[in-house]
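Structure, as structure tokens:
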Amino acid sequence: MRVFVTGGAGFIGSHLADRLVARGDDVVLLDNLQTGRRENIAHLIEPGAVEFVEGSVLDRGLVRELCSGADVVVHLASAVGVRLVIERPLESLLGNVRGADIVSEAATEAGARLLFASTSEIYGKVSDDCLNEHSDRIVGSPQTARWGYATAKVFGEMLAYGYHRSGGAETIVVRFFNTVGPRQTGTYGMVIPRLVGQALIDENLTVYGDGRQTRCFGHVADAIDAVTGLLDGGPELCGRPFNVGNRNNEISIADLAQRIIDRTGSRSKIRLVPYDEVFGDGFEELGKRKPDTSALRNAIGWEPTRDIDTVIDDVVRHLAVMRDSLPSRLYGSRTRDREPSRELTDEAS
Ligand code: UDP
């Protein structure tokens, strides 16, 4: 099978490329290397296991060319990470909207199956026990930058459904819930690589808010099992969204931070940082986000199998060998986050 992956040098894209190459697919990766890294796929480029094209999904001619001849297109390229979305709202919004437009049109023209990467963020502020694919969405004001990302991803989803309904295109939407693993960068948020990185260099772990908010962290290897299952599945999967995440790995961020300190043996402490010091005024947090993944289980028999300790340990192993470069990986070109903060109270943990 010939598979074209946008965002192929990114966190999820590079793991998908590894899996596709291992099973003998013909793989083409496109990435502008803005948040993706060449080092994520160097081991595939050097032996010629993949074709890598450095370029943008906004280059319509290039995307058309790469889609033609592909059996499957996986559109992962996206400005992602709460911090990046808030710091560069227009770039994130336009990149996601235009990228979805260009890639879905080109994939449809080429007659390829399209897998569009969406996000749990589209559910907005709903904190129901488990979110299923039909849950209503509650997003905040369009003046709040955070919701631009959800809005752009919903636009991409609706294009995918539209191409399926109107022309029978084979489009499938995957909504990733807090997917984590090696190669994920903590630069733009992404709590686990950030806190693990801080623990490894004995810096205090920055827990935002009171730390009682919970997330369900899914291992990237489980997510790749889901994606390949969807790529290989029958036509009944098309025109539908599927949640991908791990409801068994629900944990509060304060407990997560403590677990990371324990598993790394770090001397770091936990510091609580108010949201407005990180994101400015008006930031909206989600108390809880938990996926119902029964639709995917019923469709292809998929279930996540990696627990939270496996997720943490795999990130620790990956970051431990790059200790010297961790400050720049965690904080980018910004001065290191040493926001005024207060110690975690027992109540919050
Ligand atoms: N978070 C935190 N410290 C950090 C980065 C993130 O406490 O250094 C929190 C963040 O406020 C959120 C959770 O961790 O409650 C998950 O954040 P992430 O950006 O990984 O994902 P999302 O907010 O999209 O669920």
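All values below were derived from every heavy atom in this structure, side-chain atoms included, with hydrogens, water molecules and symmetry-related copies excluded. Order of appearance sets the numbers: ligands from 1, and atoms from 1 within every ligand.
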Give the residue, atom name and distance (to 0.1 Å) of the protein heavy atom nearest [atom].
atom	result
atom 7 (O) of ligand 1	Tyr208 N, 2.7 Å
atom 19 (O) of ligand 1	Met190 N, 3.3 Å
atom 13 (C) of ligand 1	Ile253 CD1, 3.7 Å
atom 8 (O) of ligand 1	Arg194 NE, 2.7 Å
atom 3 (N) of ligand 1	Thr206 O, 2.6 Å

With a 4.0 Å cut-off on N to O distance, would you call [X] and [Y] a salt bridge?
X	Y	answer
Arg146	Glu284	no
Asp129	Lys288	yes
Arg175	Glu133	no
Arg183	Glu39	no

field: Selection from Lys288, Glu121, Glu285 by shortest heavy-atom distance to atom 11 (O) of ligand 1
entry: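 Nearest option to atom 11 (O) of ligand 1, by heavy atoms: Glu285.
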
message: Measuring from atom 6 (C) of ligand 1, which candidate in Asn178, Val191, Val207 has the nearest non-hydrogen atom?
response: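 Closest candidate by heavy-atom distance is Val191.
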
Distance in Å, Asn249 CG paired with Asp309 CG, rounded so as to fall on 0.5 Å steps: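 Atom-to-atom, Asn249:CG and Asp309:CG are 9.0 Å apart.
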
- request: Return yes or no for this condition: an N or O of Arg289 is under 3.5 Å from an N or O of ligand 1.
  value: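 Such a contact does occur with ligand 1.
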
- prompt: Is the shortest N/O to N/O distance between Tyr275 and ligand 1 below 3.5 Å?
  reply: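 Such a contact does not occur with ligand 1.
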
Candidates Asp313, Asp225, Asn246 - the one meeting side chain to side chain donor-acceptor pair (under 3.5 Å) with Arg306: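 Answer after filtering Asp313, Asp225, Asn246: Asp225.
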
query: Taking non-hydrogen atoms only, is Arg83 closer than 4.0 angstrom to ligand 1 via side chain, backbone, both or neither?
result: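 Looking at Arg83 and ligand 1, no heavy atom falls under 4.0 Å.
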
- prompt: Atoms of ligand 1 less than 4.0 Å from Arg146 heavy atoms?
  reply: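 Close to Arg146: 23 (O).
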
task: Would you mind telling me which of Val3, Leu230, Asp71, Ile172 makes a side-chain contact (heavy atoms from CB on, under 4.5 Å) with Arg113?
output: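 Of the listed options, the one satisfying the test is Ile172.
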
message: A quick test of your reading: do over 12 heavy atoms of other residues, nucleotides or ligands sit less than 6.0 Å from CZ of Arg98?
response: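 No - once you tally the heavy atoms of other residues, nucleotides and ligands closer than 6.0 Å, there are 12 at most.
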
